[in-house]
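So you know, we letter chains A, B, ... as the sequences are listed, proteins then strands, and number each from 1.
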Amino acid sequence: MQTLAPSDTLHQHFPQGLHFSLLKSSKTHQETQQLHAFSLKTGIFTHLSVSSRLLSLYADPKINNLRYARSVFDRIQHPTLVLWNIIIKCYVENQRSYEGISLFAELLAHFLPDEFTFPCVIKGCAKLNALKEGKQIHGLVLKLGFGLYKFVQSSLVNLYSKCGEIGSAQKVFDEIDEKDLILWNSLLDGYARCGEVKVAMKVFEEMPEKDTYSWTVLIDGLAKSGEVETAREIFEMMPKRNIISWNTMINGYMKAGDVNSARKLFSQMSTRDLITWNSMIGGFELNLRFVEALEMFERMLKEEFRPSQATLVSVISSVSGLASLAKGRSIHSYIVKNGIELDGVVGTVLIEMYSKCGSIDSALAVFRTINHKKLGHWTAIIVGLSIHGMAEHALKLFLEMRKIGVKPNAITCVGVLNACSHAGLINDGRGYFKMMINEYGIKPTIEHYGCLVDMLCRAGYLEEAKGTIEEMPMRPNKVIWMTLLSGARIRGNTKIGEYAAYHLIEVAPETIGGYVVLSNMYAVAGEWDKVSKVRDMMKKRGLRKEPGCSLIEHRGMHHEFIVGDKSHPQTKEIYSKLSEMREKLKLAGHIPDTSQVLLYIEEEEEKEAELEHHSERLAIAFGLINVDAGCPIRIMKNLRVCNDCHSVTKLLSKIYSREIIVRDNSRFHHFKNGLCSCKDFW
DNA sequence: GTAGGGTTAG
């Protein structure tokens with residue numbers, strides 16, 4: 001401080017010229033701040049020369065402190081056009097283009113923009129994909145006669161390329177006399193981005209010169225249009241490759257689902273950057289190779305790379321895919337230890353992860369710690385609560401969200417409707433469906449109609465559900481038909497069941513569920529000839545029912561059980577626990593619901609398997625033996641829980657005073673004190 | 001005392 005800031009006495013003798021010269025040479029952030037403080041203290045800040053210099057120092061890419069730049073700017077009483085330009089640019093460069101564009105609108109009240117203003121603000125529009133605003137500004141450019149300025153033209157080509165208006169980009173491009181590499185690259189980028197690879201190739205060939213950027217943009221375009229092989233050829237032909245080209249190629253493979261080629265490329269790289277790791281981890285996750293994604297993450301940490309938000313998003317999503325609560329908790333603690341903010345997408349996927357892993361309590365805990373809750377966080381927790389059957393809580397949060405003025409999107413509404421349907425709140429559901437359309441202007445998608453149909457089916461309004469399906473503006477998919485079919489089965493309505501099954505088999509002949517539900521329905525109705533007809537149909541098409549399978553995680557290990565499984569090392573204990581369970585259930589007055597046995601259309605092995613050897617019972621027995629008292633027993637099941645297992649699990653939760661959480665193929669059941677969170681509605 | 005594109009992961 002002493003060396004930089006002259007004392008107040010010195011200042012009295014020398015006018016601002018001295019300080020100006022002090023300000024002039026290049027400065028570090030700290031020095032700039034000291035000068036800033038000094039100029040405020042002594043009052044020389046009021047000299048435009050000083051404040052301007054401070055502003056440009058803060059806005060300089062080397063220092064790039066938007067907050068301080070803005071505070072300097074705000075203190076200047078009459079900023080010049082140059083200063084407006086600087087502050088707008090600073091916003092755009094700091095990914096806050098939206099505010100940059102607002103400032104531009106403010107600027108218009110004081111000045112006419114110049115040839116330096118336009119490139120900045122147009123770049124901001126390009127970054128935001130704000131085509132409408134961009135076009136308005138283009139109009140202003142023409143009106144004010146800046147249409148022939150090189151940098152303005154360049155930024156326009158870039159704008160239209162980025163926003164997918166390649167025709168307009170080409171038009172501006174054609175009007176330019178002297179085209180340089182940057183301009184060609186912008187155009188090439190535009191064609192590659194909008195999937196016009198053929199034209200992109202042509203542009204590429206026409207280009208008088210090319211740099212690594214040009215080659216890379218082309219590779220990316222080819223890979224994204226599904227031509228990975230051509231992309232690889234271009235990659236091999238490149239005269240000079242940089243790390244971005246390698247990363248682009250890896251991504252191309254990952255997008256194409258060619259995980260092995262991506263991995264091979266990765267192993268050949270001599271240097272890797274954060275994006276390389278993220279591409280690999282994100283690629284594994286994209287291709288549902290969750291275990292490999294997590295292994296890659298471990299390796300990344302070992303090689304001392306610091307994960308970014310993007311890394312964590314992929315990693316946490318992989319954990320959700322594996323439904324491994326233990327892994328999820330360990331990554332969460334990594335995040336806490338490293339002081340990583342949860343206010344962004346990381347918070348959202350963390351909430352999702354906990355709810356998908358069965359711990360809605362942890363999801364709620366994360367939700368509560370987030371300071372600036374954004375739509376994504378609200379949506380994640382509402383959807384989470386809805387799949388856990390906690391409709392009241394979900395709706396309460398939805399109201400709270402609306403109260404503070406957060407506008408729901410289509411996905412939030414799926415959560416809300418799903419909550420209503422899982423809890424049988426049909427009137428609320430209908431109301432929210434209307435509210436979504438009228439109040440928020442959200443066009444219902446097939447998922448929303450799915451919730452509506454589900455709601456109606458659960459309430460037994462099968463004809464109305466059928467009518468809704470017939471009147472929807474889109475073609476029903478297999479989920480819709482499956483919903484109607486299940487509804488028909490629960491109500492024993494064979495007529496609608498056949499109708500739904502017929503359509504289901506038409507839309508998705510490979511979906512096993514349809515045949516199974518149909519044949520079960522016939523079995524209950526005693527129509528055995530039809531049962532065997534369905535069975536023959538399945539055989540002819542080579543379809544087999546997926547065996548029921550339950551999974552339980554214990555001390556970071558997964559234990560998997562199928563019906564009548566005897567392969568587990570603890571089999572002896574598990575089966576003796578099962579006998580004990582049988583006795584206790586009998587004492588509690590449980591009468592097995594054998595109607596479900598009939599419903600199994602599968603062959604010998606399943607006929608033999610008695611209800612009490614259903615995979616979830618084995619998993620529960622394992623849980624009762626191994627999971628510490630006081631901790632919930634968490635089970636994941638690939639199929640729907642059968643009626644008998646559902647009532648047994650309720651009883652067991654009371655008999656053993658244990659919380660049992662079961663995830664079936666569509667939702668969670670929380671069994672506690674003899675009751676289930678689904679209120680027997682599933 | 002300002003000045004164009006910035007490609008790849010999410």
B:dG10 C1' sits how many Å from A:Asn247 CG, rounded? 14 Å
Could you check which of B:dG4, B:dT7, B:dG1 has an atom nearest any side-chain atom of A:Ile182? B:dG4
Could you state the atom-to-atom distance from CD1 of A:Ile88 to C1' of B:dA3 in whole Å? 14 Å
Nearest whole angstrom, please: distance from the P of B:dG1 to the CG of A:Leu35. 13 Å
Length of the CZ-P vector between A:Arg193 and B:dG5, whole Å: 13 Å
What is the distance from CG of A:Leu81 to C1' of B:dA3, rounded to the nearest Å? 13 Å
Rounding to a whole Å, what distance do you find between A:Ile176:CD1 and B:dG5:P? 13 Å
Presence of salt bridge, A:Arg299 and A:Glu303, under 4.0 angstrom: yes
Should A:Glu93 and A:Lys123 count as an ion pair when the cut-off is N to O under 4.0 Å? yes
A:Ile86 CD1 - B:dT2 C1' separation (whole Å): 6 Å
Against the side chain of A:Val217, the closest entry in B:dT2, B:dT8, B:dT7 is B:dT7
Report which part of the nucleic acid A:Thr248 touches: base, sugar-phosphate, or nothing (heavy-atom distance under 4.0 Å, all strands). sugar-phosphate
Would you check if there is a donor-acceptor pair between the side chains of A:Thr117 and A:Asp114 at a distance under 3.5 Å? yes
Is any NZ, NE, NH1 or NH2 atom of the basic residue among A:Lys240 and A:Asp211 found under 4.0 Å from an Asp or Glu carboxylate oxygen of the other? no
Using a 4.0 Å heavy-atom cut-off across all strands, classify A:Thr216 as base, sugar-phosphate, or nothing. base
If you measure from the Lys or Arg side-chain nitrogens to the Asp or Glu carboxylate oxygens, is any gap between A:Arg232 and A:Glu236 under 4.0 Å? yes
Please pick, from B:dG1, B:dA9, B:dG4, the nucleotide with the shortest atom-to-atom distance to any side-chain atom of A:Ser308. B:dA9
Any base atoms under 4.0 Å from A:Asp211, or only sugar-phosphate, or nothing? Heavy atoms, all strands. base
With the side chain of A:Phe151 defined as its heavy atoms from C-beta on, choose the nearest nucleotide among B:dT8, B:dA3, B:dG6. B:dA3
Classify A:Lys255 by what it touches in the nucleic acid, base, sugar-phosphate, or nothing, heavy-atom distance under 4.0 Å. sugar-phosphate
Check whether any side-chain nitrogen or oxygen of A:Lys162 sits under 4.0 Å from OP1 or OP2 of B:dT7, and answer yes or no. no
Under 4.0 Å between any heavy atoms, over every strand shown, what does A:Lys150 touch: base, sugar-phosphate, or nothing? Just pick one. base
Touch class at under 4.0 angstrom, heavy-atom based, for A:Asn251 against every strand present: sugar-phosphate
Nearest listed nucleotide, side chain of A:Lys123, among B:dA9, B:dG5, B:dT7: B:dG5
Closest to side chain of A:Val82, choosing from B:dA9, B:dT7, B:dT2: B:dT2
Any base atoms under 4.0 Å from A:Asn158, or only sugar-phosphate, or nothing? Heavy atoms, all strands. sugar-phosphate
Over how many whole Å does the gap from A:Leu55 atom CG to B:dG1 atom C1' extend? 10 Å
Please collect all salt bridge (charged side-chain N to carboxylate O under 4.0 Å, His left out) contacts where either partner lies in residues 267-290 of chain A, sequence neighbours excluded, each pair once. A:Arg289-A:Glu292
